[in-house]
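Here is the structure we will look at.
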Amino acid sequence: MADQLVKTKQSGRAPSKAYQPQQIEQKWQKRWEETGLYRRVEDPSRPKHYALTMLPYTSGDLHIGHWYAMAPSDAKARYMRMHGYNTFFPVGFDAFGLPAENAAIQHNIHPHQWTMDNVEHMRGQLRAMGAMWDWEHEAITCLPGYYKWTQWFFLKFYEEGLAYRQEAAVDFCPHCNTTLAREQVWGEDRHCERCGTPVIKRELEQWFFRITDYADELLEDLDTIDWPERVKIMQRNWIGRSPGARVTFTSEQGDPIEVFTTRPDTLWGATFMVLAPEHPLVAKLTADECRAEVEAYVAQSIRQTEIDRLSLEKEKTGVFTGAYAVNPVNQERIPIWIADYVLMTYGTGAIMAVPAHDERDFAFALKFGLPIIPVIERPDGVAKSVVYPGSVPEKLAELLRAEGIEFQAKAVGELGDGLFVTLRGDAQIDRYVALLRDNLQPGYWSEIVGARWLFVFEDGIEALSSVEQDRAILARCIALNPLVIANRTVMEMLHGVPFYRDVLYHAEYGDMIHSDAFTGRPGDTAKDDVIRWLEEQGSGQAEVNYRLHDWLISRQRMWGAPIPMVYCDRCGVVPVPYEDLPILLPDDAEFLPTGESPLRHHEGFLNTTCPACDGPATRETDTMDTFMCSSWYHYAYISPYHEGDVPFDPEAGRYWLPVDQYTGGIEHATMHLLYTRFFTKAMRDLGLVDFDEPMLRLFCQGMILGEDNEKMSKSRGNVVNPDEYVSTLGADSVRAFLMFIGPWELGGSWSSTGIEGIHRFINRVWSVVVESQGASSEGDASDADMAALRRITHQTIRDVTRDYEAFKFNTAQASLMKFNNYLMKVQNTPVVTTEAWTEAIRSLTLMIAPIMPHVAEELWERAGGAYSVHDQRWPEWDEELAADEVITLVVQINGKVRARIDVPADIDEQEAREHALAHENVQRFLEGLQIRKLVYVPGRLVNIVAN
RNA sequence: GCCGAAGUGGCGGAAUGGUAUACGCGGUGGUCUCAAAAACCAUUGGAGAUUUGCUCCGUGUGGGUUCAACUCCCACCUUCGGCACCA
């Protein structure tokens with residue numbers, strides 16, 4: 001304590017007894033900066049830890065959502081640092097993007113100025129958080145030293161064939177005046193991710209990255225990284241790998257029509273084809289008599305994709321082209337239709353329709369009266385049949401019952417009762433068919449549908465096995481019962497019976513039927529067998545399709561990294577030489593109220609000379625998607641604005657890369673988190689890095705909501721301003737409260753009373769530590785009291801350590817509160833003078849340090865610790881010291897708690913039984929009962945089973 | 001429609017087969033004070049009783065497995081997120 005007094009005198013002013021967050025937070029932030037506490041050090045002898053939180057956009061104001069994302073991330077980085085890891089925790093800014101341009105238009109300020117003003121303001125706000133950021137490795141994506149490398153990546157990708165330019169129907173936001181990547185189009189109404197305006201389709205020449213080249217690797221390597229399962233699932237779904245086959249059909253005129261199918265085993269059930277309205281063969285195939293109708297449909301569907309996708313009518317539409325194709329497996333002649341449910345952007349833009357085994361084709365076929373022929377057996381073996389009144393003698397019901405066949409007698413219209421039969425399995429179906437054959441009255445038929453497709457007539461049985469059979473069966477049915485004449489197909493007739501509807505169509509794998517030589521082929525090999533046979537026949541081959549599209553990176557915006565390409569009338573598209581990078585954005589751009597990119601009209605930017613022929617040429621005026629910048633920022637942090645041949649210092653990169661722990665919002669699951677993985681794989685193939693994945697571990701936090709449990713928004717008026725709370729309760733309270741709300745991954749609601757509770761907790765920690773300094777007491781502490789204190793100290797270290805490991809800051813703090821409550825209870829007893837107390841205070845201070853770095857540093861100093869608490873080793877627990885001496889033995893009778901007995905922790909089973917049975921309340925309940933069994937869970941409970 | 005997460009006191013939440021409601025907020029009573037605030041102490045799921053260390057009910061709903069279920073299995077309901085004619 002003498003040290004304390006000396007220190008106090010030296011500082012010239014007595015340190016406050018009260019906790020004054022504003023004072024100590026400023027004091028320590030200054031000291032940390034002056035001493036370079038968080039500056040990165042290169043020390044290859046120590047294990048490194050690269051901790052990273054998603055970089056903020058330069059919106060100009062740090063809101064509580066940023067705190068919620070960053071403070072826990074900082075706490076974990078600090079925890080790792082205290083475990084001896086050489087920890088790198090950088091920060092920077094995502095600084096390109098549309099808001100800067102909007103500000104330019106509205107306030108007549110250059111985007112650069114607007115952005116850098118915001119950066120300056122946000123830096124101050126970020127510093128107030130007291131995070132351990134290494135500001136010397138800050139990177140801002142809109143500075144030339146940064147975007148020079150973003151452009152460099154574009155050129156490298158172009159060289160590698162990963163960047164290409166193509167005219168395509170792309171998503172365009174009319175409000176932002178730019179194209180968007182598919183991932184940036186959200187929701188059912190397909191609106192712009194940024195501004196919410198519904199997007200339209202535009203035919204434009206745009207630059208794309210071949211992310212699909214890496215589709216399989218992006219999929220497979222998910223298994224190698226420690227990421228949340230929900231993110232992996234989203235990426236898997238987004239990539240959407242579909243293995244199948246490409247099969248060539250031929251039009252009657254001889255044009256090959258390629259289709260992609262995941263179900264080549266259903267080829268024999270293809271009863272028609274459908275082309276997308278934009279399919280290039282449509283005009284050629286269309287028969288003259290159908291041309292007017294086809295052209296009208298094509299025009300209408302193009303208009304629909306452009307204007308209102310909102311009215312997503314589920315009802316299928318389409319028209320017949322008048323043309324026919326030949327099915328390569330059975331030479332069947334099948335009609336060719338066009339319909340907008342077939343998308344030009346997936347597969348080949350044409351499909352074979354197998355209505356019996358595809359829900360969409362089924363609906364289409366039913367609507368347009370196209371034949372539906374089942375070719376895959378139902379795996380569940382269920383078949384149905386309706387026996388019409390009068391078609392069989394009454395005794396049939398008896399016979400069915402005798403066979404154990406399930407049926408219900410129900411009225412059919414006004415005809416009387418019919419039998420609604422459900423059959424399970426081949427044996428039942430066979431017996432049922434035999435019964436029908438024996439009992440069917442003249443002039444009737446009966447059908448079995450589902451597992452089999454049989455029509456029992458007086459003179460024989462017909463199967464629905466081909467289009468010819470479909471016509472023949474329908475004709476016979478109409479002859480017997482003219483009421484069914486309105487049906488165009490057998491399936492349409494069957495669909496008229498509601499009882500049948502759930503067995504008419506299925507999309508499962510199963511044994512092949514009605515498929516020539518393949519009939520009977522089992523479902524588990526059918527698909528592969530057919531693909532092999534197609535390959536032998538030369539009519540198809542295995543193919544994999546992906547839902548993932550190539551990444552559209554062109555943006556018709558000014559505030560982004562210019563695409564380093566030049567257009568020359570003589571040489572065409574020419575890349576800018578590396579030595580000319582960066583292609584700078586002009587600082588005198590004129591912003592038009594239309595929002596159109598000023599680069600298009602900026603003579604100085606636009607006009608250049610061709611790098612190949614030196615002739616006049618024009619620059620590409622589109623800039624790159626800002627996700628380009630954020631795909632490699634964690635490499636930029638290694639050595640910001642690097643000067644050299646490559647984007648970052650390879651030497652430093654070898655030590656620090658890859659990122660060990662990444663944290664951020666889940667909203668980037670299929671955008672940033674997929675793009676950055678693609679970048680890393682492409683960089684590896686360029687020889688820039690020698691690993692496959694950029695971030696080894698990922699944690700996604702939830703969203704912070706307003707006090708009313710709603711998403712924070714200005715219009716709701718529930719926005720929480722962190723600066724206000726920082727100035728009153730202090731940054732430590734804001735940090736700690738955000739980490740106390742609940743599990744980080746689930747998010748939670750702000751609470752103005754909740755943060756006061758946390759503030760009280762910090763005050764209590766403060767008073768326990770400060771007031772016990774130099775405390776004295778009368779008498780000595782007992783061994784038992786010291787042991788008890790050490791026990792809770794070590795138990796707390798154990799629990800808190802485990803919680804930090806799992807990002808469970810809420811329960812870590814709960815344990816710390818419990819611990820502190822205990823310390824408050826015993827601080828006026830003699831233990832306060834013991835080593836055990838010193839250990840307890842020291843451990844407490846160390847354990848709060850990651851969450852409340854300022855107050856921990858202050859208390860550490862006041863307790864005589866050497867600067868800095870953040871350089872100390874994390875406390876370790878001793879299992880023996882943490883072990884309980886006394887446990888509460890729970891005694892249950894038939895699973896209900898009847899007694900709780902305090903017993904020594906090392907009690908053996910025999911003693912536990914005796915204690916349990918001897919208890920008064922237990923005996924009361926056992927009266928008159930016979931003990932059947934006794935379950936003993938060591939150290940926990942005894943359950944007596946009695947009756 | 002498909003995929004995923006969640007549902008526990010008045011509120012945020014804890015407990016991943018073994019004492020349901022840790023910790024915090026809010027409430028109630030008290031100490032201190034002329035008074036109030038702050039702080040501290042006690043108490044706080046519901047119902048009941050013969051009110052010692054008592055009983056019953058209770059983790060979205062309905063079943064099941066188990067000596068024992070918030071926890072595992074089956075079916076369903078609600079909320080939130082993602083995808084949505086992807087052949």
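Throughout, a chain's letter reflects where its sequence line sits, starting with A, and its residues are numbered from 1.
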By ring-ring contact (aromatic ring centres under 6.0 Å, His included) - contacts of [X] (at least two apart):
X	result
A/F737	A/W750
A/F368	A/W337, A/F364
A/H357	A/H506
A/W766	A/Y19

**Request:** Kindly say if A/R898 contacts the phosphate of B/rU55, meaning a side-chain N or O under 4.0 Å from OP1 or OP2.
**Result:** yes

**Message:** Distance check, C1' atoms only: B/rC2 and B/rU71, in whole angstrom units.
**Reply:** 28 Å

**Message:** For residues 232-249 of chain A, which residue pairs pass the salt bridge (Lys or Arg N to Asp or Glu O under 4.0 Å) check, not counting sequence neighbours?
**Reply:** A/D216-A/R241, A/D223-A/R236, A/E229-A/R236, A/R246-A/E258, A/R246-A/E543

**Item:** Residue pairs, two or more places apart or on separate chains, that pass salt bridge (Lys or Arg N to Asp or Glu O under 4.0 Å) and touch residues 883-903 of chain A
**Value:** A/R791-A/E885

**Asked** Does the cation-pi check pass for A/R735 over A/W67, that is, NZ or CZ under 6.0 Å from the six-membered ring centre and within 45° of its axis?
**Response** no

**Message:** Quick one, A/Q701 and A/F807 - any side-chain contact, counting heavy atoms below 4.5 Å?
**Reply:** no

Counting only pairs under 3.5 Å, give me each side-chain donor-acceptor contact of residues 741-749 of chain A, with atom names and distances, residues two or more places apart or in other chains.
| unit_1 | atom_1 | unit_2 | atom_2 | d |
| --- | --- | --- | --- | --- |
| A/W744 | NE1 | A/Y68 | O | 2.9 |
| A/S749 | OG | A/N709 | OD1 | 2.4 |

**Message:** Which residues in residues 934-942 of chain A have a heavy atom closer than 4.0 Å to any atom of RNA chain B?
**Reply:** A/V935, A/V937, A/R940, A/L941

**Asked** In residues 797-808 of chain A, what residues come within less than 4.0 Å of RNA chain B, judged by heavy atoms?
**Response** A/K808

**Prompt:** When we call it a touch if two heavy atoms are under 4.0 Å apart, what does A/V354 touch: a base, just sugar-phosphate, or nothing?
**Reply:** nothing

Dump the pairs, protein N or O against N or O of nucleotides 20-28 of chain B, anything under 3.5 Å, distances to one decimal.
| unit_1 | atom_1 | unit_2 | atom_2 | d |
| --- | --- | --- | --- | --- |
| B/rA22 | O2' | A/K818 | NZ | 3.2 |
| B/rG24 | OP1 | A/N821 | ND2 | 3.1 |
| B/rC25 | OP1 | A/R760 | NE | 3.2 |
| B/rC25 | OP1 | A/R760 | NH2 | 2.8 |
| B/rC25 | O2' | A/T753 | OG1 | 2.9 |
| B/rG26 | OP2 | A/R760 | NH2 | 3.3 |

**Request:** With sequence neighbours excluded, tell me which residues meet side-chain contact (heavy atoms from CB on, under 4.5 Å) with A/T801.
**Result:** A/Y79, A/I797, A/W874, A/W877

**Request:** Give the nucleotide from the list B/rC57, B/rU19, B/rC85 with an atom nearest to the side chain of A/V890.
**Result:** B/rU19

**Request:** Using a 4.0 Å cut-off on protein heavy atoms (strictly under), produce a 5'-to-3' string for nucleotides 76-81 of chain B with B for base contact, S for backbone-only sugar-phosphate contact, and - for none.
**Result:** ------

